[in-house]
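This report concerns only the one structure given below.
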Amino acid sequence: MNVPLQYGISGRSASEVATSVERGILEGRIPPGAPLPTVRALAAALRLSAATVAAAYRTLRVRGLVAGEGRRGTRVVLRPPLVVRRPPVAPSGARDLAEGNPDPALLPDLRPALRRLCGRPGLYGAVDPLPELRGLAARHLSADGIPAGALAIVGGAMDGIERVLQAHLRPGDRVVVEDPGYAGVLDLLGAMGLVAEPVAIDDFGVRPDALAAALSPETGAVVLTPRAQNPTGAAFDEARARALRAILDRHPDVLVIEDDHAGPVAGAPAYTVVHARKRRWAIVRSVCKSLGPDLRLAVLAGDATTVARVEGRRSLGTGWVSHLLQAVVASLWSDAAIERRLREAADVYTRRRRALVDALARHGIAAHARSGLNVWVPVREEAATIAAMAAAGWAIRAGEPYRLQSPPAVRITTSTLAVEDAPKVASALAQVLDPARVRTPAA
Ligand SMILES: Cc1ncc(COP(=O)(O)O)c(C=O)c1O
């Protein structure tokens with residue numbers, strides 16, 4: 001197979017070759033995950049020096065479009081930071097348990113909060129964060145034992161994570177991540193030229209032995225999900241938070257980031273590993289699962305230097321998160337009825353999660369879902385399972401984008417799955433995983 005020709009890679013300089021590969025990815029000729037030709041093969045095909053092709057690959061690597069090198073070969077990353085990736089659309093007629101969204105029926109109606117806005121246009125130079133929101137955020141964090149001395153408002157959990165990583169790390173730095181872990185974080189690391197170091201997790205989050213073994217003088221940062229871990233639903237308990245804290249305390253130079261993306265609807269209490277950390281820490285607490293993804297807002301708490309770097313860098317760009325959004329969130333957080341609604345939403349998500357885990361258990365299928373919006377089910381074959389479930393009318397997601405070294409599994413989002421429908425999903429999955437299995441579940 002003539003790979004360069006098949007992919008249409010061309011160019012007479014490193015920059016032209018890199019641009020040609022980038023265009024190939026953009027136009028779909030070079031698919032995500034595809035191996036690129038070796039430096040030597042491409043150099044020969046294009047009649048260029050190996051140094052020129054190596055320079056082109058280096059450029060692509062720095063842009064996060066390709067990964068790997070040397071004997072393992074260079075590949076296009078699975079989710080290049082180039083195209084707008086649409087999550088796979090549920091096949092027509094199939095019920096969507098793949099998307100990962102909160103249940104729209106459990107999100108608050110924004111109209112009363114919007115009506116309460118004062119309507120005066122904001123100006124440059126306004127105090128940021130909005131003092132009312134800052135006060136509420138500080139109260140929430142302090143109630144959970146999180147220092148709230150330095151706070152910023154950012155555009156969601158991912159915006160906060162990216163800005164904190166950028167404030168401390170450089171391309172090539174190593175970041176310890178949960179495996180399985182949130183695909184968005186894995187993609188972000190690739191796009192920033194950072195190197196993911198997978199660490200095994202269980203239902204209580206990162207395993208202390210695995211974390212201790214993974215940390216080294218080369219570790220730049222650790223990203224942890226304290227609750228509603230995506231995809232497995234893992235959540236810290238007090239003992240796990242304490243054990244992880246003891247390990248991280250021995251590594252004061254490592255940046256520790258906690259991604260509390262689901263906050264009050266996670267269905268598990270807030271435990272943290274950072275409360276006594278003096279420097280290099282940040283927690284992002286997003287409102288996107290509890291108040292709605294389109295609010296694009298998260299509270300970022302951290303040590304004074306980290307928060308100052310994030311705010312200082314941002315002041316050269318977008319400046320701040322719109323005070324209209326900040327005022328809407330402050331208004332929602334000041335409403336006792338909304339507070340009650342969030343507690344109810346957390347209970348509903350918990351019931352829906354447990355209904356599916358219990359129904360699967362009655363078929364002898366083990367699943368993970370201690371908190372959050374998803375159920376994680378280990379399987380032997382992801383693609384075949386997804387396809388067979390789609391044919392049975394249920395769109396679920398392959399685990400592959402969430403995994404580095406951990407074994408195959410599928411993710412089933414239960415945020416909108418009524419308790420009475422859980423047995424139907426469980427029996428469809430039982431049938432798919434083992435068609436010879438008895439059809440009626442054990443009592
Ligand atoms: C673990 C995790 N972190 C972050 C996010 C994204 O949060 P945000 O929309 O606030 O950026 C998600 C979304 O599902 C998530 O599961």
Side-chain angles (χ1 to χ4, degrees), residues 79 81 85-88 96-104 106-107 137 152-166 175-189 191-192 196 198-199 201 205-206 221-236 257-268 270 272 282-301 310 314 318 321-322 325-326 328-329 332 345 349 353 368-376 397 399 401-404 411-416:
R79 292 160 294 274
R85 266 189 312 116
R86 301 243 159 262
D96 184 0
L97 305 179
E99 186 68 67
N101 258 311
D103 183 349
L106 298 175
L107 296 173
I153 299 299
V154 291
M158 293 305 291
D159 181 48
I161 293 169
E162 175 170 8
R163 288 178 185 283
V164 170
L165 289 169
Q166 219 159 35
V175 180
V176 167
V177 293
E178 298 153 342
D179 183 15
Y182 181 45
V185 166
L186 301 180
D187 293 350
L188 175 66
L189 297 185
M192 295 178 76
V199 167
I201 66 169
V206 154
V222 178
V223 182
L224 301 172
T225 317
R227 49 184 171 171
Q229 202 267 359
N230 188 355
T232 69
F236 293 164
I257 302 176
E258 281 186 11
D259 174 7
D260 190 9
H261 71 106
V265 296
T272 174
I283 293 185
V284 282
R285 188 175 278 186
S286 176
V287 304
C288 295
K289 300 297 181 308
S290 54
L291 302 180
D294 193 41
L295 283 171
R296 307 309 312 138
L297 187 147
V299 174
L300 169 77
V310 165
R314 185 177 56 182
T318 61
V321 169
S322 167
L325 286 185
Q326 296 197 30
V328 169
V329 173
L332 293 167
Y349 288 137
R353 234 173 30 239
H368 303 270
R370 216 171 91 75
S371 62
L373 308 183
N374 304 296
V375 172
W376 183 247
R397 189 164 281 187
Y402 302 83
R403 301 189 290 106
L404 290 167
R411 192 191 76 167
I412 305 177
T413 299
T414 50
S415 54
T416 60

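No hydrogens, no waters, no symmetry mates; every other heavy atom, side chains included, goes into these values. Just follow the structure's listing: the first ligand is 1, and inside any ligand the first atom is 1.
Between atom CZ of residue R353 and atom CZ of residue R370 there is a gap of 9.5 Å, rounded to the nearest 0.5 Å. Atoms OG and NZ, on S415 and K289 in that order, are 10.0 Å from each other to the nearest 0.5 Å. Atoms CG and CG, on L291 and L325 in that order, are 11.5 Å from each other to the nearest 0.5 Å. With rounding to the nearest 0.5 Å, the separation of CD in E258 from CZ in R227 is 10.0 Å.
Between I283 and the choices V164, L300, T272, V299, the side-chain contact (heavy atoms from CB on, under 4.5 Å) rule is met once, by T272.
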Can you give me a line-by-line list of nitrogen or oxygen pairs between ligand 1 and the protein shorter than 3.5 Å?
{"residue": "ligand 1", "atom": "3 (N)", "partner": "D259", "partner atom": "OD1", "Å": "3.4"}
{"residue": "ligand 1", "atom": "3 (N)", "partner": "D259", "partner atom": "OD2", "Å": "2.5"}
{"residue": "ligand 1", "atom": "9 (O)", "partner": "R296", "partner atom": "NH1", "Å": "3.0"}
{"residue": "ligand 1", "atom": "9 (O)", "partner": "R296", "partner atom": "NH2", "Å": "3.4"}
{"residue": "ligand 1", "atom": "10 (O)", "partner": "A157", "partner atom": "N", "Å": "2.7"}
{"residue": "ligand 1", "atom": "10 (O)", "partner": "S286", "partner atom": "OG", "Å": "2.6"}
{"residue": "ligand 1", "atom": "11 (O)", "partner": "A157", "partner atom": "N", "Å": "3.1"}
{"residue": "ligand 1", "atom": "11 (O)", "partner": "M158", "partner atom": "N", "Å": "3.0"}
{"residue": "ligand 1", "atom": "11 (O)", "partner": "R296", "partner atom": "NH2", "Å": "3.3"}
{"residue": "ligand 1", "atom": "14 (O)", "partner": "K289", "partner atom": "NZ", "Å": "2.9"}
{"residue": "ligand 1", "atom": "16 (O)", "partner": "N230", "partner atom": "ND2", "Å": "2.8"}
{"residue": "ligand 1", "atom": "16 (O)", "partner": "H261", "partner atom": "ND1", "Å": "3.4"}

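Remark: side-chain polar atoms of Y349 are paired, donor with acceptor, to backbone N or O of D103 under 3.5 angstrom.
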